[in-house]
Amino acid sequence: IARHRGDASALLRAHGFTLQSADDLERHVSYADFIRLLEDCSATLRCPDFGLQLAQAQDLNVLGPVATIARHSSNAADAVSATAQYLSYHTPGAAVELVSGSDEPAGFTFEVILQGLRGCRQINELSMYLGQRILELMLGEGYRAQGVHFANARPPGPRMLQRIFGNRVEFDMPIHRFIVPEQDLARQVEPADPALRRLVAQYIDLTRQDALLPLTDRVSRSIRTFLPSGRCSLQLVADHLGYSSRTLQRELAIRGQRFR
């Protein structure tokens, strides 16, 4: 934001963040709020590819323990499969799917699954950049997929996208997708530390057991998490749990409860 001479404090504050909270690694952040923040930054700063620029200033570590599992996988398919399996731990509002051995071209897809936010360009380009980084991590710097599909409309200047993803970039497609040959997905690499990978996966599995708790218990935990921020709301809790606010209220009503 500062690079584009914007007011970072004001933009963050408008979406419930502060400069201090941005550095708090223990703070839970609403994925929906983050998506809206990216869109606001893009519009306010007149920077159409803000999400892509932000992605290039980061690395895979933004995915937390999910990045560790991908980094210590034995091949690209294993890395993508693990990301698909564990992404909901880090980002409940997004989904990755490995496509292999079907009528569709091999590779993997990405989509935002939060209602009303699937078409937001900034988060989609940022996330696809992370997908490209996973491919380069497993298959070598400079690796390019056979094709890269964006569900978004073609931007006025796609040259940066083509520089990052290669010339086989298509727009207005049904879903965000990397097309990667089966043999590339299966190409073996020496995992740096398979024991560490197992430990991190076990940690996430234990943490995700919370998802097996009754919905009312998960809502209560989310409320306790967000109350100190002073922003606890139905929308924030619903985003955190991967529901729309209407659906969450309906599910609570079925259980004789209501969020007020």
Side-chain angles (χ1 to χ4, degrees), residues 22-35 37-38 51-52 54-100 107-114 117-118 120 122-139 141 143 145 148 164 175-178 180 185-212 218 221-222 225 239-242:
D23 292 327
D24 184 355
L25 299 180
E26 299 299 322
R27 186 175 186 267
H28 290 270
V29 173
S30 162
Y31 188 49
D33 283 349
F34 178 62
I35 292 173
L37 171 62
L38 292 181
L52 200 57
L54 176 61
Q56 292 177 88
Q58 299 173 329
D59 60 27
L60 284 178
N61 289 329
V62 297
L63 294 177
V66 180
T68 302
I69 293 177
R71 188 172 284 115
H72 297 287
S73 296
S74 59
N75 57 41
D78 188 26
V80 172
S81 180
T83 301
Q85 180 181 356
Y86 292 111
L87 186 63
S88 62
Y89 164 80
H90 182 272
T91 312
V96 170
E97 182 180 0
L98 177 67
V99 180
S100 179
F108 59 97
T109 62
F110 165 81
E111 61 180 330
V112 173
I113 56 177
L114 295 178
L117 298 175
R118 296 186 67 219
C120 293
Q122 306 307 317
I123 191 64
N124 288 324
E125 291 186 356
L126 182 152
S127 302
M128 290 291 280
Y129 180 84
L130 293 177
Q132 174 65 29
R133 294 301 301 146
I134 289 176
L135 285 177
E136 294 192 34
L137 173 71
M138 306 307 296
L139 298 170
E141 289 291 331
Y143 180 86
V148 180
I164 293 169
I175 194 169
H176 305 284
R177 178 191 298 270
F178 287 92
V180 183
L185 289 172
R187 188 189 306 168
Q188 293 294 305
V189 297
E190 191 67 33
D193 194 336
L196 176 61
R197 185 188 191 282
R198 286 193 298 272
L199 279 173
V200 174
Q202 288 169 5
Y203 164 78
I204 295 178
D205 286 335
L206 287 172
T207 305
R208 290 175 69 189
Q209 287 180 2
D210 282 356
L212 301 177
R218 285 184 282 140
R221 285 192 176 201
S222 296
T225 297
D239 289 343
H240 181 61
L241 296 176

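Heavy atoms only: backbone and side chains are in, while hydrogens, waters and symmetry mates are out.
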How close do [X] and [Y] get, heavy atom to heavy atom, and via which atoms?
X	Y	answer
Ala95	Ile113	CB-CG2, 4.0 Å
Gly107	Leu185	N-CD1, 3.9 Å
Ser127	Tyr31	OG-OH, 4.3 Å
Ala79	Ser73	CA-OG, 3.4 Å
Val66	His90	CG2-CB, 4.0 Å

Test of understanding: with side-chain contact (heavy atoms from CB on, under 4.5 Å), list the residues that count as partners of [X], not counting sequence neighbours.
X	value
Ala195	Asp193, Arg198
Ala145	Leu135, Val148, Phe178, Val180
Ser81	Leu98
Leu137	Leu60, Arg71

Which residues pass the side-chain hydrogen bond (donor to acceptor under 3.5 Å, both in side chains) test with Arg118, not counting sequence neighbours?
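side-chain hydrogen bond (donor to acceptor under 3.5 Å, both in side chains) check on Arg118 returns Glu111.
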The criterion is side-chain hydrogen bond (donor to acceptor under 3.5 Å, both in side chains); which residues satisfy it with Thr68, sequence neighbours excluded?
none
Excluding sequence neighbours, so at least two apart, what forms ring-ring contact (aromatic ring centres under 6.0 Å, His included) with Tyr86?
none
Between [atom1] of [X] and [atom2] of [Y], what distance do you get to the nearest 0.5 Å?
X	Y	atom1	atom2	result
Asn75	Gln188	CG	CD	5.0 Å
Asn124	Leu117	CG	CG	10.0 Å
Leu126	Phe34	CG	CZ	5.5 Å
Ile134	Thr83	CD1	OG1	4.0 Å
Met138	Ser74	CE	OG	7.0 Å
Leu196	Ile69	CG	CD1	9.0 Å

Arg133: partners by salt bridge (Lys or Arg N to Asp or Glu O under 4.0 Å), with sequence neighbours left out
Glu136, Glu141
Please list all pairs meeting salt bridge (charged side-chain N to carboxylate O under 4.0 Å, His left out) that have one or both residues in residues 74-89, counting only residues at least two apart or in different chains.
Asp78-Arg197
What pairs of residues pass the salt bridge (charged side-chain N to carboxylate O under 4.0 Å, His left out) test when at least one of them lies in residues 54-67, not counting sequence neighbours?
none
Between Val112, Leu54, Leu114, which is the residue that forms a side-chain contact (heavy atoms from CB on, under 4.5 Å) with Ile123?
Val112
Test item: Arg177 and Val99 side chains (from C-beta on) under 4.5 Å apart, heavy atoms:
yes
Any side-chain heavy atom of Ile164 within less than 4.5 Å of one from Gln56?
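Ile164 vs Gln56: side chains touch.
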